[in-house]
Undergrad: 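Please see the structure below; I have some questions.
Note: hydrogens, waters and symmetry copies are ignored here, and every other heavy atom, side chains too, is used.
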Amino acid sequence: SENFVIKHGPATYLNPEDELDFQFNIEARIKNERLIINLSYNKYSNDRESIKKFAAHYKSNLLTIKECINTGKSYLEILKN
């Protein structure tokens, strides 16, 4: 099982004016020895498919960083393989 999970969805605010202040927001925390990442986004500036692609790319980068830590290889060395 992976040590992290990425959740994503449109942000909801009590004040509708706050929604336009950002493109997306990333919050992370550790819970039960797992990294939980919440990605919220401005639904007026981003579509769900773009955010899903971004989240997948973000997750891929985290896995590469984890591999760097575990193997001692550089990020570029791992990307070449």
Undergrad: Using the side-chain contact (heavy atoms from CB on, under 4.5 Å) criterion, which residues pair with N32? Sequence neighbours excluded.
TA: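 N32 satisfies side-chain contact (heavy atoms from CB on, under 4.5 Å) with no other residue.
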
Undergrad: What I'd like to find out is whether the side chain of L39 reaches to under 4.5 Å of the side chain of N25, using heavy atoms alone.
TA: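 They are not in side-chain contact.
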
Undergrad: Atom NZ of K53 and atom CZ of R48: how far apart are they, to the nearest 0.5 Å?
TA: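 It comes to 14.0 Å.
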
Undergrad: Considering residues at least two apart in sequence or located in another chain, which fulfil the side-chain contact (heavy atoms from CB on, under 4.5 Å) criterion with K80?
TA: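 Per chain and number, K80 pairs via side-chain contact (heavy atoms from CB on, under 4.5 Å) with no residue.
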
Undergrad: What's the separation between atom CD1 in I78 and atom CD in E67, rounded to the nearest 0.5 Å?
TA: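 Going from CD1 on I78 over to CD on E67, the span is 4.0 Å.
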
Undergrad: Restricting to non-hydrogen atoms, name the atom on C68 and the atom on S74 that form the minimum distance, rounded to 0.1 Å.
TA: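 Residues C68 and S74, closest heavy atoms: SG-C, 3.8 Å.
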
Undergrad: Roughly how far, to the nearest 0.5 Å, is the CG atom of L35 from the CG atom of L62?
TA: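 Here the rounded value is 6.5 Å.
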
Undergrad: Roughly how far, to the nearest 0.5 Å, is OG1 of T64 from NZ of K59?
TA: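 Separation between the atoms: 12.5 Å.
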
Undergrad: Quick one: CG on N61 to CG on L79, what's the gap to the nearest 0.5 Å?
TA: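 It is 7.5 Å, given to the nearest 0.5 Å.
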
Undergrad: Can you tell me how far the CG atom of D47 sits from the NZ atom of K52, to the nearest 0.5 Å?
TA: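 Result: 10.5 Å between the selected atoms.
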
Undergrad: For I65, give me all partners under side-chain contact (heavy atoms from CB on, under 4.5 Å), at least two apart in sequence or on another chain.
TA: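 With sequence neighbours excluded, I65 shows a side-chain contact (heavy atoms from CB on, under 4.5 Å) to I69, Y75, given in chain and number order.
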
